Amino acid sequence: MTLIDVKKHHHLLPATPRVNKALIGGTWHESGEWMERSSPAHEIPVSKTVAGTAAMVDQAVAAARAAFDGTSWKRLYAGERAAILGKAAELIRARAEELALWDVLESGKPISQALDEVAGAADLWDYAAALTRTLTGESHNTLGPDTLAMVLHEPVGVVGIITPWNFPFLIISQKLPYALAAGCAVVMKPSEFTPSSTTILCEILAAAGLPDGVVNMVPGTGDPVGAALTAHGGVDMISFTGSTAVGKATVAASAGNLKKVSAELGGKNPAIVFADADLDEAADALVMGAVFNAGQCCVGSSRLLVEKPVAEAFTAKVVDLMTHLRVGDPLDEATQIGPIVNARQHHRIMQYIETGNRKARLRTQAPETAAQGLFVYPHVFDRVSPGMDLARDEIFGPVLSVIEFSGVDEAVRIANDTSYGLSSAVWTGSVDTALRMVRGIEAGTVWVNTYLEGPAELPFGGFKQSGLGRENGKAAIEEYTELKTVVLRTGPRPARYVQLR
Ligand code: NDP
């Protein structure tokens with residue numbers, strides 16, 4: 001394993017912290033309180049961001065409401081709205097390196113992954129731009145001689161968007177362009193740990209021609225900013241990504257005015273390898289899936305189910321690949337695993353590793369430097385049974401648990417033995433086995449002989465406690481709409497209920 005050297009790229013660190021403010025109604029605001037963010041790899045301050053307040057949320061919601069009720073955005077010709085979203089995609093590409101750098105500095109993700117993420121996000125803006133002009137609704141001409149009807153998509157109104165730190169720019173881009181495509185106005189709260197790329201996005205949207213007040217941003221902590229947004233009577237919908245616990249709190253807080261809630265939550269995703277699979281391909285893909293973003297990935301392959309006859313051989317391949325991963329400075333293009341985002345998450349992961357050491361068998365060996373800073377070397381545990389915490393909890397770190405199984409029925413049973421249902425992967429050479437697994441698994445995505453592919457055209461979201469609603473795909477724009485049914489009488493009504501005299 002490569003030793004960690006975080007000094008090599010120090011010249012890329014900012015001389016003074018970047019300053020991020022709140023955006024309300026087109027102007028930048030301060031609260032008097034600031035949150036400082038240090039790079040988790042380099043441990044120096046990189047940004048300083050306004051700590052938003054509940055009062056700022058009130059102002060931002062009022063600005064969004066005014067922009068929405070003003071009708072110039074929601075009734076804008078879809079072609080013009082699409083042009084603004086398309087322009088935003090272009091400007092995102094033009095500022096890709098800057099966006100990626102800030103996500104690296106604040107989240108610790110490797111620069112190569114951050115650049116891919118920004119490119120994928122730009123594509124979502126383009127896709128949402130294209131969808132804008134497809135929101136046509138329905139017409140009904142078969143309801144009898146004198147009736148016509150229409151079903152209209154109306155923008156849902158003011159949307160509160162709350163995002164996490166693991167994919168700061170990708171996740172906001174899975175939400176915001178679709179909300180705008182539908183004609184909504186937005187108040188967004190990025191994670192307190194990764195506010196910079198969302199702030200740059202605000203600048204990009206202004207430059208792309210988005211009217212003031214349509215997008216507002218109040219950075220800050222979950223409490224008070226996120227909590228104020230979810231409970232706010234002037235917000236019509238919340239789109240949230242984060243932990244299942246906070247997702248449930250969001251649903252509860254939204255009950256006051258019965259907001260619509262879309263939530264993309266956690267996962268404990270099974271990767272299932274059958275004895276007839278191409279084991280080299282599967283090992284490569286699933287190791288990538290387990291350690292991508294240092295395992296801080298809601299669709300990561302954290303549970304590896306291997307069919308008994310190949311369990312030892314496959315686990316050995318996985319351990320070998322894990323041992324050769326390059327852990328280190330996320331600013332280095334060769335790095336594959338950066339640090340964990342913050343001390344709290346690091347501590348949480350280390351506790352799972354400690355419990356794992358007592359209850360299962362650790363197959364990987366960390367070098368002497370393993371305890372350095374917030375870095376966690378990849379860990380593979382085998383002899384894990386489905387009841388252990390290692391097999392049940394979302395660890396959100398580079399920790400892979402190996403569970404053995406025999407045959408399709410047992411694989412389906414273990415795969416579904418979780419409260420989550422976000423994603424899954426099946427590796428097999430048999431079409432029969434693949435299709436039986438596809439039908440049996442309770443998850444929003446099933447990858448077959450591949451992993452982590454997610455083009456903009458395909459919907460993304462979870463079964464069970466992994467979430468509500470879907471992002472991306474054709475349905476994404478509809479998430480941000482309400483249906484309005486219009487019934488038109490084209491001739492005399494057949495009978496009156498109350499005869500007029
Ligand atoms: P959280 O769910 O706490 O954070 C996600 C977002 O919600 C952040 O913007 C956070 O604010 C905000 N938030 C926190 N509390 C509230 C609240 N009461 N009301 C409204 N918004 C709130 O995730 P964590 O960062 O604490 O991570 C913990 C675990 O969650 C991880 O270990 C992982 O298991 C899971 N997770 C899953 C993600 C996914 O992609 N599905 C993403 C991130 C985490 P703040 O800025 O203060 O954090």
Side-chain angles (χ1 to χ4, degrees), residues 20 35 37 40 47 49-52 54 57 106-109 117 160-172 174-175 187-196 198 217-232 235 238-256 259 261-269 292-300 302 340-352 376 389 392-399 418-423 444-445 452 454 460-462 465-469 471:
N20 299 313
M35 307 179 295
R37 178 66 179 148
S47 64
T49 300
V50 161
V57 171
E106 290 181 337
S107 77
K109 67 175 62 232
E117 192 180 322
I161 297 183
I162 299 174
T163 48
W165 40 262
N166 56 341
F167 296 96
F169 200 71
L170 185 68
I171 291 175
I172 190 64
Q174 288 182 181
K175 300 173 184 298
V187 178
M188 48 188 188
K189 188 206 92 66
S191 161
E192 63 179 284
F193 303 107
T194 53
S196 290
T198 307
M217 181 190 62
V218 183
T221 49
D223 186 10
V225 178
L229 202 51
T230 51
H232 206 291
V235 174
I238 290 286
S239 175
F240 172 85
T241 295
S243 61
T244 294
V246 177
K248 286 180 183 176
T250 300
V251 172
S254 297
K259 290 178 189 65
V261 179
S262 128
E264 202 273 281
L265 308 175
K268 187 69 187 175
N269 311 298
F292 190 67
N293 209 29
Q296 304 166 117
C297 181
C298 55
V299 289
S302 59
I340 299 303
V341 70
N342 58 36
R344 193 178 68 130
Q345 288 295 117
H346 182 267
H347 176 69
R348 199 170 163 267
I349 297 165
M350 294 315 285
Q351 278 185 320
Y352 278 107
V376 175
D389 289 351
R392 305 196 78 78
D393 295 357
E394 185 178 45
I395 299 172
F396 238 52
V399 180
T418 166
S419 55
Y420 296 113
L422 191 56
S423 73
T445 298
L452 293 186
F460 172 64
Q465 295 187 33
S466 285
L468 296 169
E471 300 186 328

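In each ligand, atom 1 is the first atom listed, and ligand 1 is the first ligand listed. Quick caveat: nothing in here was measured; it's all calculated off a predicted structure.
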Does a side-chain heavy-atom distance below 4.5 Å link [X] with [Y]?
X    : Y    : answer
T445 : V299 : no
P168 : E106 : no
K109 : E117 : yes
T194 : R37  : no
F240 : T230 : no
F167 : T241 : no

Suppose we measure from atom 40 (O) of ligand 1 to each protein heavy atom; which comes out shortest, and what is that distance?
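Looking only at protein heavy atoms, the one closest to atom 40 (O) of ligand 1 is N166 ND2, 3.2 Å.
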By number and element, which atoms of ligand 1 are closer than 4.0 Å to a non-hydrogen atom of [X]?
X    : value
A227 : 19 (N), 20 (C)
R348 : 32 (O)
L265 : 41 (N)
P164 : 42 (C), 43 (C)

Could you tell me whether [X] approaches ligand 1 through its side chain, its backbone, both or neither, with non-hydrogen atoms closer than 4.0 Å?
X    : value
S243 : both
F167 : neither
T163 : backbone
D223 : neither
Q296 : neither

Under-4.0 Å protein heavy-atom contact, atom 13 (N) of ligand 1
yes
Can you give me the closest heavy-atom contact between L468 and V251, atom names plus distance?
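In this case the closest contact between L468 and V251 is CD1-CG2, 4.0 Å.
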On a heavy-atom basis, which atom in S254 and which in V261 lie closest, and how many Å separate them?
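Of all heavy-atom pairs spanning S254 and V261, the closest is OG-CG2, 3.4 Å.
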For atom 5 (C) of ligand 1, which candidate among T241, I162, I161 holds the nearest heavy atom?
T241
By salt bridge (charged side-chain N to carboxylate O under 4.0 Å, His left out), which residues pair with R392, not counting sequence neighbours?
D417
Is the shortest N/O to N/O distance between [X] and ligand 1 below 3.5 Å?
X    : result
T221 : no
F396 : no
T250 : no

